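Owing to the predicted nature of the structure, the values given are computational and were not obtained by experimental measurement.
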Amino acid sequence: MAGEIPDLHATVRTGTGKGAARQARREQFVPGIIYGGGADPVAINLKYNELLKRLKSGRFLSTLFNMKVEGQEDVRVICRSVQRDVVKDLPIHVDFMRLRRTSRINLFIPVEFLNEEIAPGIKKGGVLTVVRPEVELKVTAGDIPEKLTVDLTGRDIGDTIHISDITLPESTRPMITDRDFVIANISAPSGLRSADEEEGEEEAEAAEE
């Protein structure tokens with residue numbers, strides 16, 4: 001299940017309104033708010049540099065965070081909005097929503113491939129081509145898989161791994177439901193592909209004669 005949910009550290013923001021928000025920004029903080037989950041909203045400040053680093057790493061709006069606010073119990077949150085300066089495109093306010101363990105959310109979960117070194121197709125020189133290194137799933141906040149695993153044991157050149165080949169946790173489903181999309185495949189090495197193509201061309205030429 002869920003491995004390491006990244007922490008976000010914040011402090012409670014004293015005062016409300018534009019004046020308090022401007023003061024926070026002058027002190028190199030980004031003002032924000034935590035709402036939902038059956039509790040009162042809490043105005044917070046996050047360190048500007050830490051937030052910017054998280055934003056640059058990607059997937060900020062689809063990552064579950066463990067929010068650590070001084071003097072309060074930790075709470076799981078997901079970001080619902082990042083307001084940015086229209087000129088500098090830098091964050092000026094962030095909204096977070098609290099999540100109950102039963103809350104349903106969309107998250108990108110990484111895919112891990114096992115036993116690649118013993119897969120027949122790889123041992124023959126085949127190449128593992130990963131089409132989706134992560135998959136967007138609808139999950140329950142209290143039961144988030146750390147990763148999806150694909151066992152390549154017995155996989156040969158030409159084999160394709162689809163989402164249906166992966167056992168998903170109960171109550172978890174892919175966001176794409178209208179097709180059995182490809183996760184990865186094992187293709188022939190380029191030298192073998194070239195040889196096959198040349199052989200195919202020769203056979204075609206012979207058939208035309």
Side-chain angles (χ1 to χ4, degrees), residues 1-9 50 52-68 74-79 97 99-204:
M1 289 301 95
E4 295 184 3
I5 298 175
D7 290 339
L8 272 182
H9 296 266
E50 180 181 342
L52 195 61
K53 182 179 178 181
R54 293 285 190 186
L55 289 170
K56 288 181 176 180
S57 67
R59 302 295 187 197
F60 190 77
L61 291 175
S62 59
T63 298
L64 184 70
F65 290 103
N66 181 49
M67 180 67 76
K68 304 177 77 70
D74 293 359
V75 61
R76 288 184 177 184
V77 299
I78 191 166
C79 181
M97 184 175 70
L99 295 173
R100 295 188 177 93
R101 291 186 62 82
T102 56
S103 298
R104 299 279 288 172
I105 54 174
N106 303 342
L107 289 179
F108 284 87
I109 305 298
V111 180
E112 180 181 32
F113 296 88
L114 306 177
N115 299 315
E116 182 176 348
E117 68 283 356
I118 64 172
I122 302 299
K123 294 174 75 172
K124 293 175 185 176
V127 178
L128 175 66
T129 301
V130 179
V131 178
R132 291 178 183 267
E134 56 184 12
V135 177
E136 187 178 14
L137 302 176
K138 181 171 282 292
V139 300
T140 303
D143 195 27
I144 299 172
E146 178 182 359
K147 58 192 174 185
L148 303 180
T149 57
V150 175
D151 189 350
L152 296 176
T153 301
R155 294 286 186 173
D156 213 335
I157 290 175
D159 283 356
T160 300
I161 297 97
H162 296 84
I163 185 62
S164 61
D165 297 316
I166 299 177
T167 301
L168 298 177
E170 190 176 352
S171 78
T172 297
R173 65 173 179 79
M175 289 302 298
I176 299 174
T177 58
D178 60 346
R179 66 182 186 277
D180 190 15
F181 56 85
V182 174
I183 301 297
N185 60 67
I186 299 179
S187 57
S190 56
L192 181 58
R193 287 200 299 271
S194 299
D196 288 344
E197 289 169 0
E198 290 175 3
E199 182 178 341
E201 291 173 358
E202 291 174 358
E203 290 177 353

So, taking the atom named CG in L148 and the one named CG in L137, what distance separates them when rounded to the nearest 0.5 Å? 5.5 Å
Results of side chain to side chain contact (heavy atoms under 4.5 Å, CB included) for N106 - residues two or more places apart only: E136, K138, M175
Do I144 and I109 come within less than 4.5 Å of each other through their side chains, counting heavy atoms only? yes
Looking only at heavy atoms, the pair that brings P189 and G125 closest together is CB-O, 3.2 Å
Quick one, R54 and P6 - any side-chain contact, counting heavy atoms below 4.5 Å? yes
Can a donor-acceptor pair be found, under 3.5 Å and without considering hydrogens, that links the side chain of R104 to the backbone of S171? yes
Tell me whether R76 contacts the main-chain N or O of A141 through its side chain, where contact means a donor paired with an acceptor under 3.5 Å. yes
Any donor-acceptor N/O pair, D180 side chain to H162 backbone, under 3.5 Å: no
Quick one: salt bridge (Lys or Arg N to Asp or Glu O under 4.0 Å) pairs with a partner in residues 112-122, sequence neighbours left out? E112-K147
Run D178 and I176 through side chain to side chain contact (heavy atoms under 4.5 Å, CB included) and show every step you take. CA-CA 6 Å; D178 60 346; I176 299 174; 3.3 Å; yes
With a 4.5 Å heavy-atom cut-off, do T172 and T140 have their side chains touching? no
Of the options N115, D156, L128, V127, which is the one that meets I122 in a side-chain contact (heavy atoms from CB on, under 4.5 Å)? L128
V131/F181 under side chain to side chain contact (heavy atoms under 4.5 Å, CB included): CA gap, chis, key distance, verdict: CA-CA 10 Å; V131 178; F181 56 85; over 6 Å; no
Any chance you could measure D159, atom CG, to I186, atom CD1, to the nearest 0.5 Å? 6.0 Å
In Å and rounded to the nearest 0.5 Å, what is the CG to CD distance from L107 to E134? 10.5 Å
Nearest 0.5 Å please: distance from the CG atom of N66 over to the CG atom of L8. 8.5 Å
Nearest-0.5 Å distance that lies between atom OG1 in T153 and atom CG in L114: 8.0 Å
Test side chain to side chain contact (heavy atoms under 4.5 Å, CB included) on V139 and L64; report intermediate values, then the result. CA-CA 11 Å; V139 300; L64 184 70; over 6 Å; no
Beyond-backbone contact of L99 with I78, side-chain heavy atoms, under 4.5 angstrom: yes
The reported gap from CD1 in I161 to CD1 in I166 (rounded to nearest 0.5 angstrom) is 8.5 Å
Heavy atoms of I157 and S187 approach each other most closely as CG2-C, 4.1 Å
Can you confirm whether more than 12 heavy atoms, excluding those of R100, are under 6.0 Å from its CZ atom? no
